[in-house]
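First the structure, in the form of structure tokens, and then the observations on it.
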2 protein chains.
Amino acid sequence: MSADPKIPPEGGPAFADHDHAQCAGNTLARAEAEAARLGARLTPVRKRTLEILLEAHRAMGAYEVLDRLAAEGFGHQPPVAYRALEFLVEHGLAHRVRRLNAFAACMHPGEDHAPVFLICRVCDAVAEADAAPVRGALDQVAAGHGFAVERANLEALGLCPACAARGE
Amino acid sequence: MSADPKIPPEGGPAFADHDHAQCAGNTLARAEAEAARLGARLTPVRKRTLEILLEAHRAMGAYEVLDRLAAEGFGHQPPVAYRALEFLVEHGLAHRVRRLNAFAACMHPGEDHAPVFLICRVCDAVAEADAAPVRGALDQVAAGHGFAVERANLEALGLCPACAARGE
DNA sequence: AGGCGATTGATATAGTATAACATGTCGGCC
DNA sequence: GGCCGACATGTTATACTATATCAATCGCCT
């Protein structure tokens with residue numbers, strides 16, 4: 001697709017060091033609360049899918065997620081993964097990163113947010129930033145065309161701090 | 001995907017009535033000038049590909065473009081279309097609309113612009129709006145994360161004026 | 001003429017996503 | 001209890017999107 005060897009994003013998608021286990025655990029707890037609030041059923045496959053995304057802490061392709069699910073005794077066919085992922089996206093517990101044909105756990109479930117994704121072109125790390133200001137500008141531009149924005153995919157490609165520091 | 005029968009976007013992607021032939025002709029002329037300025041070779045396949053996008057005046061899938069090219073005596077294999085489209089995108093003469101897995105001619109070639117796409121979820125019409133303000137907000141948010149934006153895909157999904165008026 | 005890079009074309013295959021159908025599970029309701 | 005409907009899961013099959021690779025050709029420069 002883009003760059004070639006792809007350094008594994010050990011720095012993690014947030015562009016900052018942190019306790020992954022704790023971070024993932026916190027987020028999962030918040031996601032469960034949010035699912036309950038919405039009356040959405042976080043079934044085993046769905047919950048496990050979300051956990052996989054949280055543990056990986058990066059954007060994953062549907063088939064990559066499927067492999068993990070299959071290895072754990074869930075179904076082996078694409079729809080298994082796509083359905084779980086779609087459910088998560090639909091309920092704001094995960095996001096779709098179109099540039100990478102991939103999915104990532106939402107780091108701020110329930111906070112009603114419009115995310116922007118910052119995607120490093122070198123290590124593929126993905127950070128979810130607050131899009132409120134961006135979204136504001138977007139709504140205004142759209143209004144000028146008589147267009148009513150309902151959803152937005154905002155994805156920026158560039159260099160993350162770590163890769164920039166290594167002088168890419 | 002989204003809505004089902006898809007009303008053909010006869011209103012055109014600019015959400016406004018206008019003379020398509022003239023609009024396409026103007027844009028093609030500007031694109032040719034821009035290609036010349038860049039020293040980019042607008043060969044027959046490439047030029048025809050751009051014309052097809054301009055005539056259609058909407059986002060088209062690569063295979064849809066390929067069918068048109070094949071029918072006109074160019075190659076019949078996917079790379080033919082993908083290469084031409086990639087060339088156009090690379091030189092700013094067309095854009096890729098990831099949400100639709102499609103491509104659209106650039107309506108403002110040479111104007112060094114950061115486009116936002118306004119995509120109607122009912123009729124799939126695509127308008128290219130000026131993203132300068134949006135891009136500014138984005139750069140600022142990204143800077144807060146130490147992230148340097150190089151390119152951005154900004155795509156909004158919603159209702160175009162025509163479909164909104166028809167009360168969707 | 002000869003060489004070289006860019007372009008085009010075909011073959012083959014990889015990667016992403018969904019339609020359609022069958023089975024199972026869990027409620028509520030008679 | 002037994003039935004029913006809604007939802008969830010799983011499978012089969014297939015559609016759609018995209019790229020790697022090699023061969024042939026073209027344009028241009030020396």
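Since the model is a prediction, treat every value here as computed from it, not as a measurement. Each chain gets a letter, A, B and so on, in the order its sequence line appears, and its residues count up from 1.
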Can you tell me the distance, in whole Å, between the [atom1] atom of [X] and the [atom2] atom of [N]?
X: Arg99(A); N: dT17(D); atom1: CZ; atom2: C1'; result: 16 Å
X: Glu86(A); N: dC7(D); atom1: CD; atom2: C1'; result: 14 Å
X: Leu42(B); N: dA6(C); atom1: CG; atom2: P; result: 18 Å
X: His76(B); N: dT8(C); atom1: NE2; atom2: P; result: 16 Å
X: Arg46(A); N: dT9(D); atom1: CZ; atom2: C1'; result: 9 Å
X: Leu85(B); N: dT8(C); atom1: CG; atom2: P; result: 12 Å
X: Glu64(A); N: dA17(C); atom1: CD; atom2: C1'; result: 16 Å
X: Tyr63(B); N: dT19(D); atom1: OH; atom2: C1'; result: 9 Å

Between Arg98(A) and Asn153(B), a side-chain donor and acceptor under 3.5 Å: no
Can you tell me if the side-chain N/O atoms of Tyr82(B) get under 4.0 Å from OP1 or OP2 in dA18(D)? yes
Glu51(B)/Arg48(B) salt bridge by N-O under 4.0 Å criterion: yes
Salt bridge check, Arg37(B) against Glu32(B): does any charged N sit closer than 4.0 Å to a carboxylate O? no
Between dG10(D), dA12(C), dA19(C), which one does the side chain of Pro79(A) approach most closely? dA19(C)
Would you indicate which nucleotide in dT7(C), dA18(D), dA17(C) comes nearest to any side-chain atom of Thr43(B)? dT7(C)
Proximity of His95(A) and Phe103(A) rings by center, below 6.0 Å: no
5' precedence on DNA chain D between Gln77(A) and Arg41(A) (nearest-nucleotide basis): Arg41(A)
What is the nucleic acid contact for Arg83(A), judged by heavy atoms within less than 4.0 Å: base, sugar-phosphate only, or nothing? base
Hey, does Arg98(B) reach any base, or is it just sugar-phosphate, or nothing, if we go heavy atoms under 4.0 Å? nothing
Pi-cation contact, Phe87(A) with Arg46(A) (under 6.0 Å, within 45°): yes
